[in-house]
Amino acid sequence: MKEITLTGKKRTELGKKASRDMRREGLVPCNIYGEKKGENGLPEAISFAAPFTELRKIVYTPHVYVIKINIDGTEHTAIMKELQFHPTTDALLHADFYEVTPEKPIVVGIPVKLNGLAQGVRDGGRINLSIRKINVKAPYPQIPEVLDIDVTNLGLGKSIKVGALSFEGLELVTSPEVVVCSVKATRASRSAAAQAAQG
């Protein structure tokens, strides 16, 4: 996985007014949840604020990052957990991160990359990518930036499901029945097939 750095400072004032003031200054309220649990058994969060200019590189991208978050000089390794956007303006209101360690498996969605020219496309069909990411489970150092899928032998009308895929060191968490990609017949491929049948 790609790494990116983020700087933040601890938030002392919480609540809606403090959050609004922060956003006016170009900062986004954030939480990072780690291994540490509170008295109620739920993960304890560190509340911090990070510049929107730095966060946008992590949020508005197809890449999945391991994020080195420096909060007041202390470094935390984390992944993005949840984002909250304004319902009408789409402005980023809040970001949650989840602290990770090199040993503990995490579940994260990794982008799919189709490689090769499918046989079905050579026969006049059109390839259709049904899902952009597959959820995988592994310690973060073992997780690749993309999942490469060879589609060279994929014929017309055929599809590849998650269950047919395997990647070394990764457990696929997305349902095995989910279709990743397929080659759909087009008008041109249907007429070519009809002509071949008549000939």
Side-chain angles (χ1 to χ4, degrees), residues 1-11 27-38 40-85 90 92-116 129-151 160-181:
M1 288 172 77
K2 288 187 173 187
E3 277 191 11
I4 197 165
T5 55
L6 179 68
T7 51
K9 56 181 183 183
K10 266 194 180 174
R11 288 195 283 153
L27 299 170
V28 177
C30 304
N31 288 328
I32 181 168
Y33 294 89
E35 297 290 305
K36 198 175 167 192
K37 302 258 194 309
N40 52 9
L42 296 171
E44 272 191 5
I46 299 170
S47 297
F48 69 100
F52 174 71
T53 49
E54 288 189 30
L55 274 168
R56 66 182 301 161
K57 297 172 196 166
I58 302 165
V59 174
Y60 302 106
T61 174
H63 300 298
V64 180
Y65 289 108
V66 171
I67 307 148
K68 300 285 187 183
I69 307 174
N70 189 311
I71 304 171
D72 297 336
T74 305
E75 192 173 85
H76 303 263
T77 303
I79 56 167
M80 187 78 76
K81 186 169 181 274
E82 204 173 331
L83 297 168
Q84 196 182 332
F85 295 94
D90 274 345
L92 181 62
L93 295 179
H94 189 92
D96 281 343
F97 297 89
Y98 180 70
E99 196 157 11
V100 295
T101 63
E103 304 81 32
K104 190 178 178 185
I106 57 169
V107 174
V108 63
I110 298 298
V112 166
K113 186 183 177 205
L114 305 182
N115 295 322
L129 182 63
S130 303
I131 55 169
R132 298 200 173 277
K133 289 182 178 179
I134 294 175
N135 290 336
V136 304
K137 184 177 182 181
Y140 81 81
Q142 288 173 228
I143 298 175
E145 289 172 27
V146 294
L147 298 174
D148 286 299
I149 299 171
D150 183 8
V151 296
I160 295 175
K161 290 184 178 180
V162 172
L165 302 171
S166 67
F167 301 92
E168 194 179 342
L170 301 182
E171 181 189 335
L172 303 186
V173 182
T174 298
S175 167
E177 290 305 307
V178 171
V179 172
V180 178
C181 62

Heavy atoms of Pro144 and Met1 approach each other most closely as O-CG, 4.0 Å
Enumerate donor-acceptor pairs with a distance under 3.5 Å from any side-chain N or O in residues 168-179 to protein atoms, sequence neighbours excluded.
from, atom 1, to, atom 2, distance (Å)
Thr174, OG1, Asn135, N, 2.8
Ser175, OG, Glu177, N, 3.3
Glu177, OE1, Lys161, NZ, 3.2

Within-4.5 Å side-chain heavy-atom neighbours: Val180 and Leu147: no
How long is the gap from CD1 on Ile149 to SG on Cys181, to the nearest 0.5 Å? 6.0 Å
Is the number of heavy atoms from other residues, nucleotides or ligands within 6.0 Å of NZ (Lys68) greater than 12? yes
Could you tell me if the side chain of Phe85 sits less than 4.5 Å from the side chain of Leu93, heavy atoms only? no
In chain order, what residues pass the side-chain hydrogen bond (donor to acceptor under 3.5 Å, both in side chains) check against Ser47, with sequence neighbours excluded? Asn31
Within residues 129-143 or reaching into it, pairs that qualify as salt bridge (charged side-chain N to carboxylate O under 4.0 Å, His left out) - sequence neighbours excluded: none
Pairs where residues 71-85 contributes a residue and the test salt bridge (charged side-chain N to carboxylate O under 4.0 Å, His left out) is met, not counting sequence neighbours: none
Enter the distance from Phe48:CZ to Arg11:CZ here, rounded to the nearest 0.5 Å. 8.5 Å
Output the distance between atom CG (Asp96) and atom OH (Tyr33), rounded to the nearest 0.5 Å. 4.5 Å
Nearest heavy-atom contact between Asp148 and Phe167 is O-CE2, 3.4 Å
Do you know which two heavy atoms are closest between Ile71 and Lys9, and how far apart they sit? CG2-C, 4.2 Å
Grab the two heavy atoms, one from Pro139 and one from Pro102, that are nearest each other, plus how far apart they are. CB-O, 3.2 Å
Ignoring hydrogens, what is the shortest heavy-atom contact between Phe97 and Ala78? Give both atom names and the distance. CB-CB, 4.0 Å
Which atom of Met80 lies closest to which atom of Ile67, heavy atoms considered: N-CD1, 3.9 Å
Begin from the C-alpha positions of Ile160 and Val151 and carry the test side-chain contact (heavy atoms from CB on, under 4.5 Å) through to its verdict. CA-CA 8 Å; Ile160 295 175; Val151 296; 4.1 Å; yes
If you measure from CD1 on Ile32 to CD1 on Ile79, what distance do you get to the nearest 0.5 Å? 10.5 Å
Looking at residues at least two apart in the chain, or sitting in another chain, which of them share a side-chain contact (heavy atoms from CB on, under 4.5 Å) with Pro51? Thr7, Leu27, Thr53, Glu54
Per-pair distances, 0.1 Å, donor-acceptor, side chain in residues 55-66, under 3.5 Å, sequence neighbours excluded:
from, atom 1, to, atom 2, distance (Å)
Thr61, OG1, His63, N, 3.1

